[in-house]
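Contents: one structure, followed by commentary.
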Amino acid sequence: MSLKYKTALLKLSGEALKGDGDIYDKNSLENVAKQIIELAKEGAKLGIVIGGGNIWRGNLGQNINMPQINADYMGMLATIMNGLALESTIKTLGYDKVEVYSSLEIKTVTEPYNFKKARIKMDQGYITIFTGGTGYAYFTTDTNATIRAIEIDADVILMAKNGVAGVYDKDPNQFDDAKLFTHLTHEEISQKKLRVMDLTAATLAQDANLKIEVFDMQGDNNIIKVMHGELESTIIE
Ligand code: UDP
């Protein structure tokens, strides 16, 4: 079956790499990396944005009396660690064409983010990982994912969730009769106040008319399946 999307921005939460580990879990890292490699070999152009929640989130700063701006920069650093962890797993599994970009300047181990260079690398078959968030405090990695998706001219943002198949009318973890929406418009997301991504990211995605597919990344090869249109999910467009 052929690819449904040629160019995709995959947004993973930091938790996706954590599994049963404290910060990282080998199986979780390898599971994600293997699927990404398989898709790259199939010709998909993939940009990856990973959150930092397995290590640190900005709101944790409150617990230690830290100003949010400092705590947010620490969160951005956490996303760089996650990008490097994924890069190294991809390379260990034998795929060398992977580049880690950072919006924060960390030139010794990452490339400074540059959308033109990233596009060229993607055309050459590289998996590109966009770390460091937007480079600004008070934003989230959802916003970073949306901006990068627009900049690399992605067909879609694939929003990976852990254990839920997409967007529901109510919390599926609390209500057995929660109904999965298979299709929604950007307008419906804002009218129904459905929380798919934070408001800044959702507004940007709506303005750019960017397609979003929300899917459950738990399950055998679900990243591969969603790229082939073989998974139950929610499509927002
Ligand atoms: N962050 C930030 N600016 C950005 C992206 C992220 O300040 O552009 C910080 C913010 O503190 C956030 C943390 O990095 O809590 C980790 O990112 P996120 O919470 O999105 O990670 P996830 O929860 O998806 O793993």
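Keep in mind the model is a prediction, meaning the values are calculated, not measured.
- Heavy atoms only, all atoms of each residue included: A8 and L158 are closest at CB-CD1, 4.0 Å.
- Between E87 and K91, at least one side-chain nitrogen of the basic residue sits less than 4.0 Å from a carboxylate oxygen of the acidic one, meeting the salt-bridge criterion.
- Using a 4.5 Å cut-off between side-chain heavy atoms of Ile, Leu, Val, Met, Phe, Trp and Tyr, with links allowed through other members, I50 and L93 fall into the same hydrophobic cluster.
- Using a 4.0 Å cut-off between a side-chain N of Lys or Arg and a carboxylate O of Asp or Glu, K121 and E111 do not qualify as a salt bridge.
- The two residues A33 and T89 make their nearest non-hydrogen contact at CB-CG2, 3.8 Å.
- Between F181 and L194, the closest heavy-atom pair is CE1-CD1, 4.0 Å.
- Side-chain contact between E213 and K4 is present, with at least one heavy-atom pair separated by less than 4.5 Å.
- Judged by distance alone, the side chains of N222 and Q218 never bring a donor and an acceptor atom under 3.5 Å apart.
- Salt bridge status for K225 with E230: absent, with no side-chain N to carboxylate O gap under 4.0 Å.
- With contacts defined as side-chain heavy-atom distances shorter than 4.5 Å, the pair D177/K170 qualifies.
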Step by step, work out the side chain to side chain contact (heavy atoms under 4.5 Å, CB included) result for K211 and D155.
-> CA-CA 7 Å; K211 185 175 196 166; D155 304 323; over 6 Å; no
Take H228 and E42 through the side chain to side chain contact (heavy atoms under 4.5 Å, CB included) test and state the conclusion after the steps.
-> CA-CA 11 Å; H228 287 90; E42 230 185 304; 2.6 Å; yes
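- L204 and F130 are members of different hydrophobic clusters when ILVMFWY side chains are connected at heavy-atom separations under 4.5 Å.
- In this structure, the side chain of T140 engages the main chain of T143 through a donor-acceptor pair within 3.5 Å.
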Apply salt bridge (charged side-chain N to carboxylate O under 4.0 Å, His left out) to E151 and R148, showing your working.
-> CA-CA 5 Å; E151 288 184 335; R148 300 303 169 233; 3.0 Å; yes
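- The hydrophobic clustering, which links ILVMFWY residues whose side-chain heavy atoms are closer than 4.5 Å, places I69 and I80 together.
- Under the 4.5 Å side-chain heavy-atom criterion for grouping Ile, Leu, Val, Met, Phe, Trp and Tyr, I224 is connected to L231 within one hydrophobic cluster.
- Linking ILVMFWY side-chain heavy atoms closer than 4.5 Å, directly or via other members, places I157 and I150 in a single hydrophobic cluster.
- Listed by chain and number, the hydrophobic cluster partners of Y136 are F139, where partners are ILVMFWY side chains within reach of under 4.5 Å, directly or through others.
- Between Y73 and A137, the shortest heavy-atom distance links the atoms CE1-CB, 4.2 Å.
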